[in-house]
Asks: 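This is the structure I have questions about; it appears just below.
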Amino acid sequence: MAESGATLSNLSTESRSFPPSEEFAGQANATAEWYDRADADREAFWAEQADRLSWATKWDTVLDWQPPFAKWFVGGTLNVAYNCVDRHVEAGNGDRVAFHWEGEPGDTRTITYSDLKDEVSRAANALTELGVGKGDRVAIQLPMIPEAVISMLACARLGAMHSVVFGGFSPGALKARIEDAECKLLITSDGQFRRGKPAAMKENTDEAVKETPSIEHVLVVKRTETEVPWTEGRDVWWHDVVGKQSAEHTPEAFDAEHPLFILYTSGTTGKPKGILHTSGGYLTQTAYTHNVVFDHKPGESVYWCTADIGWVTGHSYIVYGPLANGATSVMYEGTPNTPHEGRHWEIIQKYGVTIYYTAPTLIRTFMKWGKEIPERYDLSSLKVLGSVGEPINPEAWMWYRENIGHNNCPIVDTWWQTETGAIMIAPLPGVTASKPGSAMRTIPGISAEIVTEEATPVGPGGGGYLVLDKPWPSMLRGIWGDEERYRETYWSRFADQGYYFAGDGAKYDDDGAIWLLGRVDDVMNVSGHRISTTEVESALVSHPTVAEAAVVGAADETTGQGIVAFVILRGSAAKDGGEAAITALRDHVSKEIGPIAKPKKILVVEELPKTRSGKIMRRLLKDIAENREVGDVSTLADSTVMDLISSGVRDSSKSED
């Protein structure tokens, strides 16, 4: 076990390792030699990746780095939408399917690249008619329907920035984002389907734009055919204004550093941060990573990223990366258990999906529902499985491999952020012998270090802060309208070294593989040992009775902090979960990690508080663990969960005296 006082204690070990099959390695897009080539001449390597795109003007300089500001492919010009759509049609692939769209109620649409080119051109003409041009900002709050992708690409075609706001966000959250970016247009829909029923959307967006003077028009897609309030002169129907447009539109080339979009991410101070991404570098890295991390084969692969368009994963790996590569994608509107818990596997079977990219929280949900559900479907088309959003615990990784990947699909566990724009750390599926739960190493062309508080690199077996020590093409270019906050948030912690640090802890195992340990804010300090919540959660979930776990550090007079665990038990264990079951879990953690990590208290719960993107809100659990009034629950997918937990805590706790 690590020394007391280390920046981050390295407690758990994982010895299992799964190399790709010879057959898979032999056909893989990227080989081990890519790492050497990238290390030998980083800028030449990235220029080679940029050459996969179509440029109107070639760049003069690959990188201009004036810390903390980077410009990539300086002097180059391109149109992002042309790269994602038109060039595939011009290359003779207009009949290739871009999207197999599956609506929650079961309606479907098949959209080829020719169809997409026509639709994006019409939408660009409509936006022009509504007064949108280069440099303007457009807010988009839509369900997972094709018009969401079309709207984003229409903005990109015109050089306008989109600001996509997740469909589940409140009117207040939408209003704050519209005001911050001074958006000119809002694109929304009459409603959305959630769990089989139409839910209001236009009423919420109307509430948001009541007092937003920058909004000139609201463009409304008809999805649920429900009655909606209407403001004449401001509100226009998509089918009226887009439907009448010409399908011809000539895209203009913009500078490589022309802003492409703003995407808001929550800030610790409460005010959301508008993360700014630009065109050339962002598209280069999203296209490159989609190609090498997922081993995507244009015209052969059928790719499905299950994220929502409102998160960065949806931007980079539903829209820009896949479309730049001429991918055929599946896009699904609804929830994974509507109308039944096999909906995802049914879709994989229906479309012959070969690449499936989802989140650990969903994998753990599938575990809870039981392996007999995927067993009913033919998943033999799958070739690569991906994970995104948070560290994946080893047991969920193994379940995913065995039950979804029939023990022969490489799993790519990807680490990146809204701010990084694209994947940074991940196995290469044809090269890496992956370990369950590890993101393994930086991809070719990316550089990262794990350092102590004093910025000293840690060696194998050491833990600390994950920093990025060299600029990368898809990096954020700033926080919209707030340069000072950009410097302070990402560059101040290791300013002397010029490192980017966004709050994640990590460790190397003895072989040098990288293990993400979650937010440094979530690290617990127990008797001088800095213990990651991720490691304790993984130990708990490795016990056969546990479906899911969340761990927090609660103030403790003796040890500084005591570990409090909230666990969801599987099926029969949930009924029998008495004191003996809790004692067994505490002993299991002690055996897996060490006595220092033994939870002081374990609380059995039916559900955990999660945001709509599936992230566990540990601060709310900490409120309960420390007997405080529970804080703001407005971002939870289901705010009643906290009432359930609070009422259940009194009956299900057992602590060590």
Asks: Determine whether a donor-acceptor pair (N or O, by modelled atom type, separation under 3.5 Å) exists between the side chain of Arg487 and the backbone of Glu483.
Replies: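 Side chain of Arg487 to backbone of Glu483, a donor-acceptor pair under 3.5 Å: no, none is there.
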Asks: Anything under 3.5 Å between a donor and an acceptor, one on a side chain of residues 73-81, the other on a protein residue two or more places apart or in another chain? List them.
Replies:
from, atom 1, to, atom 2, distance (Å)
Thr77, OG1, Thr57, N, 3.2
Thr77, OG1, Thr57, OG1, 2.6
Asn79, OD1, Ala81, N, 3.0
Asn79, OD1, Tyr82, N, 3.0
Asn79, ND2, Arg157, O, 3.1
Asn79, ND2, Glu252, O, 2.7

Asks: State, without any angle test, whether Thr212 and Lys175 hold a side-chain donor-acceptor pair at a distance under 3.5 Å.
Replies: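 There is no such pair between these side chains.
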Asks: Has the side chain of Thr328 got a donor or acceptor atom that lies under 3.5 Å from a matching backbone atom of Val97?
Replies: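 Yes, because the side chain of Thr328 sits within donor-acceptor range (under 3.5 Å) of the backbone of Val97.
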Asks: Which pair of heavy atoms, one from Ala426 and one from Ile443, lies closest together, and at what distance?
Replies: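 In this case the closest contact between Ala426 and Ile443 is O-CG2, 3.8 Å.
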Asks: Do Thr224 and Thr226 have side-chain atoms, one donor and one acceptor, less than 3.5 Å apart?
Replies: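 There is such a pair between these side chains.
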Asks: Which pair of non-hydrogen atoms, one from Glu43 and one from Val62, has the smallest distance, and what is that distance?
Replies: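 Heavy atoms only, the tightest pair is O-CG1, 3.7 Å.
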Asks: So, taking the atom named CD in Glu257 and the one named CH2 in Trp72, what distance separates them when rounded to the nearest 0.5 Å?
Replies: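 Spacing of CD (Glu257) from CH2 (Trp72) equals 10.5 Å.
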Asks: Whether the side chain of Asn125 engages the backbone of Glu248 through a donor-acceptor N/O pair (distance < 3.5 Å, no angle test) should be reported.
Replies: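 Present.
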Asks: Counting the benzene-type ring for Trp, do Tyr486 and Phe69 have ring centres under 6.0 Å apart?
Replies: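 They qualify: ring centres under 6.0 Å apart.
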Asks: What do you reckon, is NZ of Lys184 surrounded by more than 12 foreign heavy atoms closer than 6.0 Å?
Replies: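 Counting other residues, nucleotides and ligands, NZ of Lys184 exceeds 12 neighbours.
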Asks: In terms of heavy-atom contacts, does CG of Asp107 have more than 12 from other residues, nucleotides or ligands at under 6.0 Å?
Replies: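 Atom CG in Asp107 is packed in, count exceeds 12.
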Asks: Which heavy atom in Gln141 sits nearest to a heavy atom in Phe166, and how many Å separate them?
Replies: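 The pair with the smallest heavy-atom distance is NE2-O, 2.9 Å.
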Asks: With no hydrogens and no angle check, just 3.5 Å: does a side-chain donor-acceptor pair link Gln49 and Asp51?
Replies: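 Looking only at side-chain atoms, Asp51 and Gln49 do not form any donor-acceptor pair under 3.5 Å.
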Asks: Are the side chains of Leu186 and Thr205 in contact, using a 4.5 Å heavy-atom criterion?
Replies: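 Answer yes - side chains close enough.
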Asks: Is the distance between the ring centroids of Phe45 and Tyr288 under 6.0 Å?
Replies: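 Aromatic pair counts; centres sit under 6.0 Å.
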Asks: Could you walk me through whether Arg343 and Glu104 pass salt bridge (charged side-chain N to carboxylate O under 4.0 Å, His left out), step by step?
Replies: CA-CA 10 Å; Arg343 187 71 187 268; Glu104 193 187 79; over 6 Å; no
Asks: How far apart are the C-alpha atoms of Asp469 and Ser447, what are their side-chain angles, what is the distance that settles it, and do they pass the side chain to side chain donor-acceptor pair (under 3.5 Å) test?
Replies: CA-CA 6 Å; Asp469 58 342; Ser447 183; 2.6 Å; yes
Asks: Give a yes or no on whether the ring-centroid distance for Trp311 and Tyr317 is below 6.0 angstrom.
Replies: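 No - the distance between ring centres of Trp311 and Tyr317 does not fall below the 6.0 Å cut-off.
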Asks: List in chain and number order the residues that pass side-chain hydrogen bond (donor to acceptor under 3.5 Å, both in side chains) with Asn325, two or more places apart in sequence or in another chain; answer none if no residue qualifies.
Replies: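 So Asn325 forms a side-chain hydrogen bond (donor to acceptor under 3.5 Å, both in side chains) with Arg52, His290.
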Asks: Measure from the ring center of Phe501 to the ring center of Tyr490 and say whether it is less than 6.0 Å.
Replies: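 Here the rings of Tyr490 and Phe501 have centres that are no less than 6.0 Å from each other.
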Asks: How long is the straight-line distance from CD1 of Ile111 back to CD1 of Ile150, given to the nearest 0.5 Å?
Replies: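 Between Ile150 CD1 and Ile111 CD1, I get 5.5 Å after rounding to 0.5 Å.
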Asks: Do you know which of Tyr357, Tyr332, Tyr351 makes side-chain contact (heavy atoms from CB on, under 4.5 Å) with Trp304?
Replies: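 Going through the options one by one, the only one that passes is Tyr332.
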Asks: Given 3.5 Å as the limit, does a donor-acceptor pair link the side chain of Asp190 with the main chain of Arg223, or not?
Replies: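 Yes, Asp190 side chain to Arg223 backbone: donor-acceptor pair under 3.5 Å.
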Asks: Rounded to the nearest 0.5 Å, what's the gap from CG on Leu130 to CG on Asp136? Could you check?
Replies: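 Going from the CG atom of Leu130 to the CG atom of Asp136 covers 11.5 Å.
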Asks: Give a yes or no answer on whether the side chain of Thr442 reaches the backbone of Ile446 with a donor-acceptor pair at less than 3.5 Å.
Replies: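 Such a contact is found between Thr442 side chain and Ile446 backbone.
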Asks: Looking at every heavy atom in both Ala502 and Gln417, which two are closest together, and how far apart are they?
Replies: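 Closest approach of Ala502 to Gln417: CB-NE2, 3.4 Å.
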Asks: Would a distance-only check, ignoring hydrogens and angles, find a side-chain to backbone donor-acceptor pair under 3.5 Å from Arg137 to Ile262?
Replies: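 Side chain of Arg137 to backbone of Ile262, a donor-acceptor pair under 3.5 Å: no, none is there.
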Asks: Measure from the side-chain N and O atoms of Thr110 to the backbone N and O of His100, and report whether any donor-acceptor pair falls under 3.5 Å.
Replies: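 Not confirmed, Thr110 side chain does not pair with His100 backbone.
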Asks: Answer whether the closest heavy-atom distance between the side chains of Glu90 and Tyr113 falls below 4.5 Å.
Replies: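 The answer is no, as the side chains (C-beta and beyond) never meet within the 4.5 Å cut-off.
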Asks: Does the salt bridge (charged side-chain N to carboxylate O under 4.0 Å, His left out) test come out yes or no for Glu119 and Arg122, once each step is laid out?
Replies: CA-CA 5 Å; Glu119 290 299 321; Arg122 285 192 186 96; 3.4 Å; yes
Asks: Between Thr112 and Asp115, is there a side-chain donor-acceptor contact under 3.5 Å, judged purely by atom types and distance?
Replies: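 Asp115 vs Thr112: donor-acceptor pair found between side chains.
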Asks: Determine whether the side chains of Tyr356 and Thr306 contain a donor N or O and an acceptor N or O closer than 3.5 Å.
Replies: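 Thr306 and Tyr356 do not have a side-chain donor-acceptor pair below 3.5 Å.
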Asks: Should His277 and Pro259 count as side-chain neighbours, where that means a heavy-atom distance under 4.5 Å?
Replies: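 Of all side-chain heavy-atom pairs linking Pro259 with His277, none is under 4.5 Å.
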Asks: If I take atom CD1 from residue Ile275 and atom OG from residue Ser163, how far apart are they, to the nearest 0.5 angstrom?
Replies: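 Between atom CD1 of Ile275 and atom OG of Ser163 there are 11.5 Å.
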Asks: Side chains of Glu216 and Arg234: does their closest heavy-atom pair fall under 4.5 Å?
Replies: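 SC-SC contact between Glu216 and Arg234 ruled out.
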Asks: Would you give the length of the straight line joining atom NZ of Lys197 to atom OG1 of Thr338, rounded to the nearest 0.5 angstrom?
Replies: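 That separation rounds to 9.0 Å.
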Asks: State whether the side chain of Arg96 and the backbone N or O of Gly326 hold a donor-acceptor pair below 3.5 Å, judged by distance alone.
Replies: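 Side chain of Arg96 to backbone of Gly326, a donor-acceptor pair under 3.5 Å: yes, one is there.
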Asks: Kindly give the heavy-atom pair with the smallest separation between Ser121 and His249, and that separation in Å.
Replies: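 Scanning both residues completely, I find the closest heavy atoms to be CB-CB, 3.7 Å.
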Asks: Rounded to the nearest 0.5 Å, what's the gap from CG on Leu323 to CG on Leu153? Could you check?
Replies: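 Reported to 0.5 Å precision, the distance equals 6.0 Å.
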Asks: Can you check whether Tyr303 reaches Val330 side chain to side chain, under 4.5 Å on heavy atoms?
Replies: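 Result no, sub-4.5 Å side-chain heavy-atom pair not found.
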Asks: Quick one: does Met331's side chain get under 4.5 Å of Ile309's, heavy atoms only?
Replies: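 Contact flag for Met331/Ile309 side chains = yes.
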Asks: Centres of the His315 and His162 rings: under 6.0 Å?
Replies: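 They qualify: ring centres under 6.0 Å apart.
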Asks: Run the side chain to side chain donor-acceptor pair (under 3.5 Å) test on Thr361 and Lys610 for me, step by step, so that the C-alpha distance in whole Å, both residues' side-chain angles and the decisive distance to 0.1 Å come before the verdict.
Replies: CA-CA 9 Å; Thr361 184; Lys610 291 176 185 173; 3.0 Å; yes
Asks: Between Arg109 and Glu333, does at least one N-O distance fall below 4.0 Å, as a salt bridge requires?
Replies: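 No, Arg109 and Glu333 are not salt-bridged.
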Asks: Can you tell me if Ser214 and Glu182 form a side-chain donor-acceptor pair at under 3.5 Å?
Replies: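 No, no side-chain donor-acceptor pair sits under 3.5 Å.
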Asks: Quick check against the 3.5 Å criterion: does Trp101 have a side-chain atom that pairs as donor or acceptor with the backbone of Met144?
Replies: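 At least one qualifying donor-acceptor pair exists.
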Asks: Are any non-hydrogen side-chain atoms of Lys202 and Val220 less than 4.5 angstrom apart?
Replies: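 Lys202 reaches Val220 side chain to side chain.
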Asks: Are Gln245 and Glu129 close enough that a side-chain donor and a side-chain acceptor fall under 3.5 Å?
Replies: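 Glu129 and Gln245 do have a side-chain donor-acceptor pair below 3.5 Å.
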Asks: Can Asp180 and Tyr264 be counted as having a side-chain donor-acceptor contact under 3.5 angstrom?
Replies: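 Result is yes, a qualifying pair exists.
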Asks: Could you tell me if the side chain of Met617 sits less than 4.5 Å from the side chain of Leu620, heavy atoms only?
Replies: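 Yes - at least one pair of side-chain heavy atoms lies under 4.5 Å apart.
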Asks: For Lys117 versus Val89, what's the shortest heavy-atom pair and its separation?
Replies: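 Closest heavy-atom pair between Lys117 and Val89: CD-CG2, 4.1 Å.
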Asks: Please answer whether the main-chain N or O of Ser189 pairs with a side-chain N or O of Trp238 as donor and acceptor at a distance below 3.5 Å.
Replies: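 Not confirmed, Trp238 side chain does not pair with Ser189 backbone.
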Asks: Parallel, tilted or perpendicular for His239 and Trp237, by the 30°/60° rule?
Replies: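 Answer is parallel, since the angle falls under 30°.
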